[in-house]
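Within every chain, numbering begins at 1; the chains are lettered A, B, ... in the order of the sequence lines, protein sequences first and strands thereafter. Everything numeric in this text was worked out from a predicted model, so none of it was measured. Side chains are part of it too, since the values below use all heavy atoms of this structure and drop only hydrogens, waters and symmetry mates.
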Amino acid sequence: MTVSLSGFPELLPAQRTVELAVLDQLRVTFELHGFASVETRSAEPLAELLRKGEIDKEVYVLRRLQAAPDDEPPAPSSSTLGLHYDLTVPFARYVIENAGHLEFPLRRYQIQKVWRGERPQEGRYREFTQADIDVVARDVLPFHHDVEVARVMAEALASLPFLPALRLQVNNRKLIEGFYRGIVAPDVAAVMRTVDKLDKMPAKAVGALLVTEAGLSTEQADKCLQLAAIRSADTSFVSRVWALGVAHPLLDVGLGELSAVIEGCAGLSSRRVAVQADLSIARGLDYYTGTVFETRMAGFEQLGSICSGGRYDSLASDGRSTYPGVGISLGVTRLLMPLFQRGLLVGSRSVPSAVLVALPTEQARAGCDALAQLLRARGIPTEVAATPQKYGKQIRYAERRGIPFVWFPSADGPHEVKDIRTGEQVAADFATWMPPAEDLRPRVLVNPVTVKRDEPPQ
RNA sequence: GUGGGUGUAGCUCAGCUGGUAGAGCGCCGCGUUGUGGUCGCGGAUGCCGCGGGUUCAAGUCCCGUCACUCACCCCA
């Protein structure tokens, strides 16, 4: 991996094969569930991007080089263009603009680069790829779609067996808001913001902040911490919340919704991708109104969430209708780059070629090209050796690139093909020979020693 | 955007109170002239991140800058 511009990561070919394998698999899973692909433009009017809140610092503004050659750059206005910093807000705009041509509920996936102007560090980039799924309806979105997006993303993550163990944490904003109102917190938003820091600082410190910043009594703060400590892989969290003795109608709604998501995902949960209720998840003060998701990766807890989302009931509205939605977004770059940097994930080869056709002499090139073309016609990625070096050098050429097979043409006798990993060399007919299916495409290899694949993340 | 740490060969790193750059791995060649990997022998690694300053002399000290990284902010 080379990095020349801060926060704009670039991959080597072998790593790119891994990224492509991930993107291909995500697409397969999303499409298996009937999600349609949408791509939105990279740039949006600044006013559109800022609808979500005060995140103007994060947006990269677009300006033509010749726009104001002799002057200072113009102050950004609402007509200025900015690069999108996520896929949800542009999608909301897209839904409103194309509502007349879309079928609701609309189930779509969207895999694109996004840009944020934040200071880069491990797992935080200025240019990165997100893989989003959302379901949006007109006016009313049935709750079972909250369950659906969780299930689809859990299944997509489970289909990437080379990742460390993951924990999909689910909570519900109605649940915690109802709880905070039930204890008569003076500033519900402040409580939520403070509780959200639990993954960064010890519970005692958060408890102190709840008193000083959110205006709670020590008893109220203690209740909030007890709520946030509740985690369960089944619906047993409900009785543990009741045991805290707090009552509010909104709390009951939230408990019911969270139970539905956890029950709906029960069959999917595994040691590699665990789905849990986690009542510490709050998601700051975003546009989420119900279900919220975060995802942590074993051994990489300090990265924060690699896959987040939730329910948003009023993000998009055109005056006549509202378009409530629920979605979840996977940070593909945040997921993969740390694994690459630590050497935990690597592609089996740096080229697509499964076969290198050895070249005996330059005069034989036409024949070797024709032979390669026959293999390609049967779907076997094949290249011909660059120069007629000694066969040892040609084998080494293949080895360096991870090409598993070298084909030795023969003018008279049968051709031979060698698996250079085992050294086994056999006679082969170019009209029928096939490599094993797992060698047809580059594979993703893991370093099995250091990846915690079966222990759930903390 | 604010503050801290780090930057030497392709990689991992060593380099003392300033004296003109090293190791291991990898790479290249030969042994093996159409079959790699093991082994043996030999060889090359380099704007010491970049720019400026102090000094007779800077990889080493100072300033700036860029990059990586950590914390904050925020989040995928």
Side-chain angles (χ1 to χ4, degrees), chain A residues 1-10 12 22 26 52-59 84-89 110-133 153 157 166 193 196-197 199-201 281-286 288 292-297 300 302-310 327-338 341-343 356 358-361 364 385 387-411 416-425:
Chain A
M1 180 207 59
T2 60
V3 179
S4 52
L5 253 188
S6 181
F8 292 80
E10 293 179 320
L12 291 170
V22 168
L26 291 173
K52 180 175 163 185
E54 72 306 357
I55 32 57
D56 39 350
K57 282 178 294 188
E58 295 186 10
V59 174
H84 59 210
Y85 65 90
D86 73 2
L87 301 177
T88 307
V89 169
Q110 189 169 347
I111 301 174
Q112 283 182 250
K113 289 270 171 65
V114 304
W115 294 269
R116 293 183 190 176
E118 286 294 327
R119 173 86 78 129
Q121 59 189 61
E122 185 177 46
R124 306 183 50 183
Y125 308 96
R126 290 176 160 175
E127 177 179 69
F128 60 97
T129 301
Q130 285 192 323
D132 248 62
I133 54 172
M153 189 58 83
L157 292 169
L166 298 167
R193 237 180 298 128
D196 201 35
K197 296 178 189 297
D199 59 340
K200 291 278 184 181
M201 52 174 75
I281 301 301
R283 300 250 68 216
L285 23 89
D286 264 330
Y288 297 113
V292 288
F293 303 108
E294 289 196 359
T295 309
R296 306 216 123 69
M297 182 157 67
F300 295 84
Q302 77 290 346
L303 284 181
S305 176
I306 54 103
C307 182
S308 309
I328 185 163
S329 179
L330 173 63
V332 176
T333 311
R334 171 174 284 184
L335 183 71
L336 293 179
M337 285 297 292
Q341 286 180 314
R342 294 169 203 211
L356 174 76
L359 185 65
T361 63
T387 57
Q389 302 176 89
K390 293 195 292 184
Y391 277 0
K393 297 274 180 61
Q394 297 194 33
I395 290 169
R396 192 165 65 188
Y397 173 101
E399 186 184 27
R400 293 285 153 76
R401 289 162 179 74
I403 301 171
F405 294 98
V406 176
W407 190 281
F408 296 104
S410 169
E416 295 192 338
V417 65
K418 179 184 186 108
D419 182 336
I420 65 172
R421 296 160 302 186
T422 62
E424 184 189 12
Q425 183 167 333

Is there side-chain contact between [X] and [Y], with at least one heavy-atom pair below 4.5 Å?
X: Phe128(A); Y: Phe8(A); value: no
X: Lys418(A); Y: Glu424(A); value: no
X: Thr129(A); Y: Ile111(A); value: yes

**Prompt:** With a 4.0 Å cut-off on heavy atoms, is Lys113(A) in touch with a base, just the backbone sugar-phosphate, or nothing at all?
**Reply:** nothing

**Message:** Need one value for Gln121(A): base, sugar-phosphate or nothing, where a base atom within 4.0 Å counts as base even if backbone is also close, heavy atoms only.
**Reply:** base

Rounding to the closest angstrom, what is the interatomic distance between [N] and [M] at atom [atom1]?
N: G10(B); M: G46(B); atom1: P; answer: 7 Å
N: G24(B); M: U45(B); atom1: C1'; answer: 14 Å
N: C39(B); M: G22(B); atom1: C1'; answer: 26 Å
N: G1(B); M: A21(B); atom1: P; answer: 39 Å
N: C11(B); M: C48(B); atom1: P; answer: 15 Å
N: A9(B); M: G5(B); atom1: C1'; answer: 24 Å
N: A57(B); M: A14(B); atom1: C1'; answer: 23 Å

Using a strict 4.0 Å threshold on nitrogen-to-oxygen distance, state whether [X] and [Y] make a salt bridge.
X: Arg342(A); Y: Glu122(A); value: yes
X: Asp86(A); Y: Arg116(A); value: no
X: Glu118(A); Y: Arg126(A); value: no

**Which nucleotide in C73(B), C68(B), A76(B) has an atom nearest any side-chain atom of Arg124(A)** = C73(B)

Which whole-number value in Å describes the distance from [X] [atom1] to [N] [atom2]?
X: Phe300(A); N: C75(B); atom1: CZ; atom2: C1'; answer: 19 Å
X: Tyr85(A); N: G1(B); atom1: OH; atom2: C1'; answer: 18 Å
X: His84(A); N: C75(B); atom1: NE2; atom2: C1'; answer: 16 Å
X: Asp199(A); N: A71(B); atom1: CG; atom2: C1'; answer: 14 Å
X: Arg119(A); N: U2(B); atom1: CZ; atom2: P; answer: 7 Å
X: Glu118(A); N: U69(B); atom1: CD; atom2: P; answer: 15 Å

**Item:** Spatial distance of atom CZ (Arg296(A)) from atom SG (Cys307(A)) [nearest 0.5 Å]
**Value:** 11.5 Å

**CD1-CG distance between Ile395(A) and Leu356(A), expressed to the nearest 0.5 angstrom** = 9.5 Å

**Fill in**
Each nucleotide of nucleotides 7-12 of chain B classed B (base within 4.0 Å of a protein heavy atom), S (only sugar-phosphate) or -, in 5' to 3' order, makes ------

**Message:** Whether Arg421(A) engages the ring of Phe405(A) as a cation-pi pair (distance to the six-membered ring centre under 6.0 angstrom, angle to the ring normal within 45°) should be assessed.
**Reply:** yes

**First encountered from the 5' end of RNA chain B, between Gln302(A) and Ser305(A)** = Gln302(A)

**Request:** Report the residue (Arg126(A) or Val332(A)) whose heavy-atom-nearest nucleotide on RNA chain B is the more 5′ of the two.
**Result:** Arg126(A)

**Message:** Ignoring hydrogens and geometry beyond distance, is a side-chain donor-acceptor pair present between Gln394(A) and Gln389(A) at under 3.5 Å?
**Reply:** no

**Any Lys197(A) side-chain nitrogen or oxygen under 4.0 Å from OP1 or OP2 of C72(B)** = no

**Asked** Looking at Arg400(A), does any N or O in its side chain come under 4.0 Å of the phosphate oxygens OP1/OP2 on C27(B)?
**Response** yes

Polar-atom pairs under 3.5 Å, protein N or O versus N or O of nucleotides 33-38 of chain B: list them with distances, or write none.
from: G34(B); atom 1: N1; to: Tyr391(A); atom 2: OH; distance (Å): 3.1
from: G34(B); atom 1: N2; to: Tyr391(A); atom 2: OH; distance (Å): 3.0
from: U35(B); atom 1: O2; to: Lys418(A); atom 2: NZ; distance (Å): 3.0
from: U35(B); atom 1: O2; to: Gln425(A); atom 2: OE1; distance (Å): 3.3
from: U35(B); atom 1: N3; to: Gln425(A); atom 2: OE1; distance (Å): 3.1
from: U35(B); atom 1: N3; to: Gln425(A); atom 2: NE2; distance (Å): 3.4
from: U35(B); atom 1: O4; to: Gln425(A); atom 2: NE2; distance (Å): 3.2
from: G36(B); atom 1: O4'; to: Gly392(A); atom 2: O; distance (Å): 3.4
from: G36(B); atom 1: N1; to: Ile420(A); atom 2: O; distance (Å): 2.4
from: G36(B); atom 1: N2; to: Glu399(A); atom 2: OE2; distance (Å): 3.2
from: G36(B); atom 1: N2; to: Ile420(A); atom 2: O; distance (Å): 2.9
from: G37(B); atom 1: N2; to: Ile420(A); atom 2: O; distance (Å): 3.4
from: G37(B); atom 1: N2; to: Arg421(A); atom 2: O; distance (Å): 2.9

**Prompt:** Does the base of C74(B) carry an N or O that pairs as donor and acceptor with the side chain of Arg116(A) under 3.5 Å?
**Reply:** no

**Item:** Opposite nucleotide pairing with C13(B), Watson-Crick or G-U, both atom distances under 3.5 Å
**Value:** G22(B)

